[in-house]
Amino acid sequence: MTELEKRFIAARRQAIAMEYGKLNERQRQGVLTTEGPLLLLAGAGSGKTTVLINRVANLLKYGRGSDTEEIPMPITGDEVEFLEGYIQNPDPAQKPLMEYLCAVEPARPWEVLAITFTNKAATELKERLERMLGEEARDVWASTFHSACVRILRRDIEHVGFSRDFTIYDTDDSKRVVKDCLKSLGLDEKTFPVREVLAVMSDAKDRMQTPEQFCKQWESAGEWRKIRIGKVYRLYTQKLFEANALDFDDIILHTVRLLRDHREVREYYQRKFRYVLIDEYQDTNNLQYQLASLLAGGHRNICVVGDDDQSIYRFRGANIENILNFESEYKGARTIRLEQNYRSTQHILDAANGVIRNNLGRKGKTLWTNNGAGDTVTVKTTFNESDEANYVLGQIMMAYRRGANWKDNAILYRMNAQSNALEYACKRNGVPYKIIGGTKFFDRAEVKDMLAYLCVINNPADDLRLRRIVNVPSRKIGAATVDKAQLLATRDGRTLYEVFAHAEEYPELKNTAAKLKAFTELIETMRRALDGAELVDYYSYVCETTGYVAMLQEKNDPESLARLENVEELSSSIHAFLDHEPDNPTLAGFLDEVALYTDLDDTTDGDNCVLMMTMHSAKGLEFPYVYVVGMEEGIFPGNRAVSDPEELEEERRLCYVAMTRAKEHLTLTNARQRMLFGRTAASMPSRFLNEIPENDMEWLSKPEPRQERPAFDDFDDYGASGGVAYRVDVEIAAHRQQVKKTLDSVRKAPTPSAALPDIKAGETVHHSAFGKGMVLSVRPMGGDALLEVAFDNVGTKKLMLKTAMSHLTRG
DNA sequence: TGACCACAGTTTTTT
DNA sequence: ACTGTGGTCA
């Protein structure tokens, strides 16, 4: 290599590096190290996403320019001098020439694959890339493991025996199938809990064991239980195959099989993806590991990003070894540690470091920050869980009076069940709050029902979804009938739907043939209407035609009202789907996306509310004020964890995750006694509290436990001291007034029906679902009114006016 | 087929 | 304490 070439290479790297001047040195290394395997150990709050985005930008702009000694074309002394001059004194006008000289085979967008775990992360990545790079970024493959695999499978799954229009089963669907399997194998659900069977199967799939291999293994070991489960596994696999369905594990499993066993497919993708990035690598399971290494197997440019200290998903198969062993699995791998934290203060970090230091299985990182020492961590011991909740709320309300937003506060707990006391305290104090997690929108029965209708319309062969909705709303088609038909379907090799449609051919079904026939005709009508329909309109058409909406309206209790809202809310999902310009704006496309996209309600921002969530759901988020409650032995770490060292380390990582969410102030609380699962038990402070260095915390503890919780007016833990006390007291009084008002208005009946139209008995109305009818009676109820309407075609129905209003017209 | 009662389980969660 | 589910009875 000539002297000139050396100068060129150095100048090229420096010129590219200048693009990333805002990053710190380590972050910049992460961006510029483009070639070969790279492990990016990114501590909490170390600007991981920024690095990821800049890295992709760099790949698209300069290719391997920053990480190679190649010189793609002969260079001249003038050019080297130009670059060296540019570094000294960058002139925007000369940037194009600089870019031209520095780029070495820039990656085209579709040659970059960036994989994340959640859709949220994938969307964020895509959006930020597009903001930085414009249109071009759209073709980058930024997606979750599952959606990347579905994309691959939709193209090539026929090589492994499924057809390209396969359906995706969610966990609920899987459960149903397992139940069916248990029943037909004569196994008892109590001896073989569905949860466990699913977990065992998932495990087997993770090891890539076929049912046959699984059975063989346990037969030779003589494990009766496992042999039985193996039989379920076999039948389950067969059923899914016959239904042309894949569960979540299968999506990855079959992609791995496809790539492993079919050279031409494998080579296509290996050639295509010059650069592969995997985010949250500490959360990958074996299958995902296999997938990553298959996809990156061509160019071997695999960059994994993660933090072994934040691995908290062992229970769902994540294998921390994947990140711990990355360097030995990938020879020549480079490792970059991002340890500068931009989020928290030093006391918070030192406290968190103090805890995580006690884990043995880790790579070892020590976070530091330039943010200054900040406040020490507050530890507070209270008498019981409602004291704890009151303390936290008191602190939050004080912060609010000092000008903080409600949403600056997050309360984190180990289990969802712990949210009760906190929720209650918020309600009593009139503090707006939002609980994240719990039952998700797409998990709600009514939403699933409507989706099931759409699935059946899309693909009548979807037996499972068909069974779900055939009798919802009630069509007098009971389980017995469906079972009979299912048997016949299996016998004749037809789908369940075909048997329904030809029910009259079966003497066994003669009693219900007419009803079955009517049902399939309903579906057929809706199928015909799909052609050319606008998806959103079509959805409301389906809601009405199926009678589902009417069913909910009839019930007219608050529960059904909420359900109705959810059913309507689904149409906004369709809107949202169409809005972000999908490749495939059809019903099938929508169902595909919905199957993999389950967190619609990520309305984390927007409303100004105190946020309450589990520590798991807090991962990746940050808040100025964080309260971690329930720091008690037996709860956190949980009972199961105290006897299992691996599990204990996982709990400790979870603690580390929770603590590092805090930007300004961290409060940890424990209660001396707590009611959980109906029992009150005393418990010791969590060992994690004792692992925090004393310098970094202040442990407030009440000398004497209070016997009795005072009623709702007493906020004894407000504890403002000194000269401000009076002022605070006045404010408290004002606040209480507010609270009482709120409470009163909640307790009393809602506001009178000022806005309701005055429909009277005797009037003729038209209902969008029931048709024409006459109002028999109007009875005011609360802020609403109960209507009794005699419809011409469907008989007399009771409707709540507020609910029915949008479906009713006069005359 | 639908209503009602007894009973068990109860970490964490994404796709 | 609470909730969802499964089995039994009308």
Side-chain angles (χ1 to χ4, degrees), chain A residues 115-122 143-150 168-175 179 182-183 188-190 193-196 199 202 205 246-253 255 279-280 283-285 287-288 291 311-318 385 412-421 424 436-440 442-443 445 471-482 511-512 515 592-599 602 613-620 630 634-642 644 647 650-651 653-655 657-658 674-680:
Chain A
I115 290 192
T116 60
F117 262 83
T118 63
N119 291 299
K120 201 176 157 195
S143 63
T144 63
F145 272 107
H146 293 265
S147 53
C149 286
V150 168
I168 299 165
Y169 277 6
D170 65 22
T171 320
D172 236 50
D173 300 328
S174 299
K175 270 190 198 157
K179 275 186 186 174
L182 288 171
K183 205 182 270 173
D188 182 20
E189 270 192 46
K190 290 206 171 85
V194 178
R195 264 174 66 97
E196 190 197 332
S202 179
K205 289 183 188 183
L246 274 65
D247 67 21
F248 288 132
D249 289 330
D250 292 339
I251 290 172
I252 316 268
L253 177 65
T255 311
D279 194 13
E280 305 284 14
D283 290 337
T284 50
N285 62 22
L287 276 179
Q288 289 157 337
L291 180 71
S311 167
I312 55 173
Y313 286 112
R314 199 171 79 117
F315 67 91
R316 65 179 199 214
E385 76 275 5
L412 311 183
Y413 35 80
R414 182 65 238 271
M415 309 176 270
N416 287 117
Q418 287 172 266
S419 67
N420 272 337
Y424 184 58
I436 311 276
T439 325
K440 268 154 258 102
F442 284 104
D443 283 342
N471 202 31
V472 185
S474 171
R475 299 188 178 89
K476 302 283 156 64
I477 300 170
T481 308
V482 176
N511 291 332
T512 42
K515 291 176 213 155
D592 227 21
E593 180 159 298
V594 158
L596 297 176
Y597 190 89
T598 46
D599 53 352
D602 51 22
M613 68 192 92
T614 65
M615 301 181 204
H616 282 91
S617 358
K619 192 174 158 203
I635 289 182
F636 188 46
N639 271 324
R640 272 156 276 256
V642 291
D644 176 352
E647 198 67 9
E650 173 123 337
E651 297 275 286
R653 290 192 290 267
L654 184 57
C655 184
V657 168
R674 173 182 304 272
M675 182 151 78
L676 199 60
F677 302 140
R679 219 175 294 285
T680 301

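Labels below follow one simple rule: chain letters A, B, ... track the order of the sequence lines, proteins then strands, and each chain is numbered from 1.
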### Query
Given atom CG of A/Leu291 and atom P of B/dT15, what is their separation to the nearest angstrom?
16 Å
## Note on the structure
Regarding the side chain of A/Ser617, the nearest nucleotide among B/dT13, C/dG6, B/dT15 is B/dT13
### Query
Nearest-Å distance, CD1 (A/Ile252) to P (B/dT14)?
16 Å
### Task
Over all heavy atoms of both residues, which pair between A/Ala318 and A/Asp283 is shortest? Give the atoms and the distance, please.
CB-O, 3.4 Å
### Value in whole Å for how far the P atom of B/dA8 lies from CZ of A/Phe677
16 Å
### Summary
Here the distance between atom C1' of C/dA1 and atom OH of A/Tyr424, to the nearest Å, is 15 Å
### Query
Within this structure, what is the CG-to-P distance between A/Asp188 and C/dG6, rounded to whole angstrom?
12 Å
### Task
Check whether any side-chain N or O of A/Thr144 sits under 3.5 Å from a backbone N or O of A/Ser147 as a donor-acceptor pair, and report yes or no.
yes
### Message
Tell me the interatomic distance from A/Phe442, atom CZ, to B/dT14, atom P, rounded to whole angstroms.
### Response
14 Å
### Query
So A/Glu647 and A/Arg314, salt bridge (charged side-chain N to carboxylate O under 4.0 Å, His left out) or not? Walk me through it.
CA-CA 9 Å; A/Glu647 198 67 9; A/Arg314 199 171 79 117; 2.6 Å; yes
### Query
Between the side chains of A/Ser174 and A/Thr171, is a donor N or O closer than 3.5 angstrom to an acceptor N or O?
no
### Query
So does A/Asn420 get a side-chain nitrogen or oxygen closer than 4.0 Å to the phosphate oxygens (OP1/OP2) of C/dA1?
no
### Message
Just the rounded figure in Å: distance from C1' of B/dT14 to CD1 of A/Ile436.
### Response
16 Å
### Message
So A/Glu647, base contact, sugar-phosphate only, or nothing? Heavy-atom distance under 4.0 Å.
### Response
base
### Query
Start at the 5' end of DNA chain B and walk down; is the nucleotide closest to A/His616 or to A/Thr481 reached first?
A/Thr481
### Query
Side-chain donor or acceptor of A/Thr171 under 3.5 Å from a matching atom on the base of B/dT14?
no
### Task
Would you indicate what A/Leu412 reaches in the nucleic acid, counting non-hydrogen atoms under 4.0 angstrom: base, sugar-phosphate, or nothing?
nothing
### Query
Out of B/dT1, B/dT12, B/dT15, which nucleotide sits closest to the side chain of A/His146?
B/dT15
### Message
Categorize A/Phe117 for me: base, sugar-phosphate, or nothing, with a 4.0 angstrom heavy-atom threshold over every strand shown.
### Response
sugar-phosphate
#### Entry: Atom NZ of A/Lys175 with >12 non-hydrogen neighbours under 6.0 angstrom
no
### Task
Could you tell me whether A/Lys619 contacts a base, only the sugar-phosphate backbone, or nothing, with contacts defined as non-hydrogen atoms closer than 4.0 Å?
nothing
### Task
Identify whether any heavy atom of A/Tyr313 sits under 4.0 Å from a base atom; if not, whether one sits that close to sugar-phosphate; answer base, sugar-phosphate or nothing.
sugar-phosphate
### Message
Please compare A/Thr614 and A/Ala479 by the position of their nearest nucleotide in DNA chain B and report the one closer to 5'.
### Response
A/Ala479
### A/Phe677 six-ring centre to A/Arg679 NZ/CZ under 6.0 Å and within 45° of normal
no
### Task
Would you indicate what A/Arg640 reaches in the nucleic acid, counting non-hydrogen atoms under 4.0 angstrom: base, sugar-phosphate, or nothing?
base
### Query
A/Asn416 near the nucleic acid: base, sugar-phosphate alone, or nothing, with a heavy-atom cut-off under 4.0 Å?
sugar-phosphate
### Query
Can a side chain N or O of A/Ser474 be found less than 4.0 Å away from OP1 or OP2 on B/dG2?
yes
### Query
Atom CZ of A/Arg653 to atom C1' of B/dT13: distance rounded to whole Å?
16 Å
### Query
Contact class for A/Ser147 vs. all strands (heavy atom < 4.0 Å): base, sugar-phosphate, or nothing?
nothing
